[in-house]
Every structure is written in structure tokens, then in C-alpha cells.
Amino acid sequence: MTTLRAALGFFTRLPVGSAPSSDVRGIMRWFPVVGLIVGTLTGLLTGLAALILPPPLSGVLGCLAWVFLTGGLHLDGVADCGDGLPVEAPPARRLEIMKDSRLGTFGGAALFFVLAVKAAALGTLTASLAPFAAGWKAFFPLAGMCCMAATLGRSLTVLAMRLPAARPDGLGARARDGMTFWDEAMALALGLAVCLVNGARGLTALAAALLAAWLILSAARKRLGGVTGDVFGCLTESVECAALTACCLM
């Protein structure tokens, strides 16, 4: 599984013909490119919704499109980290809680706030760009910011794979198999490129994304002893939210 098509089949619900598999070896190098595609499609769909609906509703539909395109794959990591990271317990117990498929109160709250922030940010951005008045001209900056958020989330996740794994036999550890220095360099280059294209908003989003990544990864290393597949999912979603929120400030 080393092709972009296989990566899209695993990380999205786009009809590319590749059935999802639990083997992620070799496809993580395409993770930032998947973000590029998902973010662009989400931005365009949000812009289309804003042509006929008020900004708050278009933001909600844009968030729904984002979840639909990814199949909610990374939201599982948000819920598991929400349940496991805050609890006062040894690392082994936290990992056990995160592996439990049942959703706890903290996990549900984490899911709510991630989705609420993303929907609110998309609604705020559509209101500032006014697609209904500006027409197609507003689609490009909106797609660019969504593209940047999704790509940054995945580029930083690829770079975070250098950290020690909390579960040596887990999905997160297997995801690193086949990764090379050049794959990491390309992820970094793509993340920086989408930020530069977005100008001042891009630089602000980059700063917010780095802060969010540092907070998540610091908590994971301190409380779990390393990273897991759930941490990577939580990192992706958190960076997306941070980047979109930063864009709203400009």
C-alpha cells in the first residue's frame, strides 16, 4: 500500500476503489497530500452551502462535509484521548482506557468542542468572505484556508511520528514503517508551502498549529510515555481547529 490511491482509500471515504485496510505501512507519506485534497473539497462545499444558507449553517454543513470525507476517522482519536489523557492514573491504565471502545464523559465533551470549534470557525470564515455577495471569488481563499488547516494537521502528524511509541505493537508504531527522511521533509515542505500561499493568515495559522501540536504531544509523552494512533488522530483534529481559529483572527 504505497500509492496515493491506497492512502485515499484508507484515510477518506472518496470512491477511489481501494478498500480500507488496517495495514498503514507505506501510505503515511501521502498523508499531507490527502489533507490537501480533503481540505480543498471541504472549502468548496462550504462555499457552495454559503451561497444559499446563512454563515452559521454553512459552517455546520462544512464541518459535516469534513467528517463525511474522512469518515470521522480521526475523531475516534479525539474521543479516546479525551477519555484517557485527563484521568489520574498510571500510563498503562490510561492506555487501557483509550483502547476501550466505550465513550466516556470527557471523550464526549472533547468530540463536542472539536466539532463545535470547527463548525464555528468555518461559519465565521464564510461570513467574512461573503460568498453570496462575492460569488466564486470567495471560494478560492475559503478553499485555501481549509486546505491549509487539513494539510498542516497531517504534516505535523507525520513529523510527530519520530517520537517514541507508547504501544510498540500499535497502529501508530506500524504507521512509521517505510517512512524516510525525505518523506518527512516533503511533509514539512508541503505544510510550509500552504501557509505561505495564505500569506499573513498562513503564518498566524502555523503559529497556532505548532502551539496546539506542542500541547497535545507534551501531554502524550508525559501521561502515556509516547504517542499512539489515537494521539495522531487527536493531533490532526486539534491542529485543524487551531489553524482555522487563527484564520478567523485576521
Side-chain angles (χ1 to χ4, degrees), residues 1-14 16 18 20 24 26-47 62-78 114-115 117-118 121-122 125 140-161 171-172 175-176 179 182-198 201-203 205-206 208-210 212-213 216-217 227 229-247:
M1 293 179 63
T2 58
T3 66
L4 175 58
R5 181 178 176 183
L8 287 169
F10 184 87
F11 292 116
T12 76
R13 291 299 175 262
L14 295 174
V16 293
S18 295
V24 296
I27 65 172
M28 286 306 299
R29 62 175 55 95
W30 295 105
F31 200 30
V33 181
V34 171
L36 198 72
I37 296 170
V38 168
T40 301
L41 290 175
T42 300
L44 293 175
L45 290 171
T46 305
C63 183
L64 177 62
W66 209 314
V67 173
F68 176 79
L69 288 170
T70 61
L73 179 65
H74 313 303
L75 291 174
D76 180 65
V78 172
V114 163
L115 293 173
V117 168
K118 190 173 286 188
L122 289 172
L125 291 174
F140 298 105
L142 183 59
M145 285 182 282
C146 291
C147 172
M148 175 180 59
T151 305
L152 267 180
R154 287 153 181 80
S155 294
L156 291 179
T157 298
V158 168
L159 297 178
M161 289 180 181
L171 184 64
R176 293 184 296 183
M179 293 290 292
W182 294 110
D183 295 327
E184 295 169 347
M186 287 302 296
L188 177 61
L190 188 57
L192 291 176
V194 292
C195 290
L196 291 174
V197 168
N198 282 275
R201 266 180 166 155
L203 297 179
L206 177 60
L210 290 173
I216 295 294
L217 296 175
V227 293
D230 286 329
V231 172
F232 292 148
C234 184
L235 175 63
T236 300
E237 291 286 342
S238 299
V239 169
E240 287 177 348
C241 286
L244 288 173
T245 301
C247 288

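- Separating the CD1 atom in Ile27 from the OG1 atom in Thr3 is a distance of 9.0 Å, to the nearest 0.5 Å.
- At least one side-chain heavy atom of Trp66 sits under 4.5 Å from a side-chain heavy atom of Val38.
- In terms of modelled atom types and a separation under 3.5 Å, the side chain of Asp76 and the main chain of Gly72 share no donor-acceptor contact.
- We find the CZ-CG distance between Arg13 and Leu69 to be 10.5 Å, quoted to the nearest 0.5 Å.
- Closest approach of Leu206 to Cys195, counting heavy atoms only: CB-SG, 3.8 Å.
- Shortest non-hydrogen contact noted between Ala246 and Ala208 is CB-CB, 3.7 Å.
- Looking only at side-chain heavy atoms (C-beta outward), Leu125 and Pro141 stay at 4.5 Å or farther from each other.
- Not a single donor-acceptor pair under 3.5 Å links the side chain of Thr151 to the backbone N or O of Gly191.
- Of all heavy-atom pairs between Ala187 and Pro32, the closest is CB-CG, 3.7 Å.
- We find the CZ-CG distance between Arg154 and Leu235 to be 10.5 Å, quoted to the nearest 0.5 Å.
- In plain terms, the two heavy atoms of Cys234 and Gly77 that are nearest each other are CB-O, 3.8 Å.
- Considering only heavy atoms from C-beta on, Val239 stays 4.5 Å or farther from Thr157 through its side chain.
- Remark: side-chain polar atoms of Arg201 are paired, donor with acceptor, to backbone N or O of Cys247 under 3.5 angstrom.
- Closest approach of Ala205 and Ala243 over heavy atoms only: CB-O, 3.8 Å.
- Nearest heavy-atom pair across Leu152 and Ala209 is CD1-CB, 4.0 Å.
- A heavy-atom distance below 4.5 Å is found between the side chains of Lys118 and Glu240.
- The OG1 atom of Thr40 sits 10.5 Å away from atom CG of Leu142, with the distance rounded to the nearest 0.5 Å.
- Rounded to the nearest 0.5 Å, atoms CG (Leu192) and OG (Ser155) are 8.0 Å apart.
- Leu41 places a side-chain heavy atom less than 4.5 Å from the side chain of Leu14.
- Checking Thr42, Leu8, Thr12 one by one against Ile37, the side chain to side chain contact (heavy atoms under 4.5 Å, CB included) holds for a single residue, Leu8.
- You'll find the side chain of Val34 stays beyond 4.5 Å of the side chain of Phe10, heavy atoms only.
- A 4.5 Å side-chain heavy-atom check between Arg29 and Trp182 finds every atom pair outside the cut-off.
- A distance of 11.5 Å separates CG in Leu156 from OG in Ser238, rounded to the nearest 0.5 Å.
- Counting heavy atoms from C-beta outward, Leu75 and Glu237 have side chains that approach closer than 4.5 Å.
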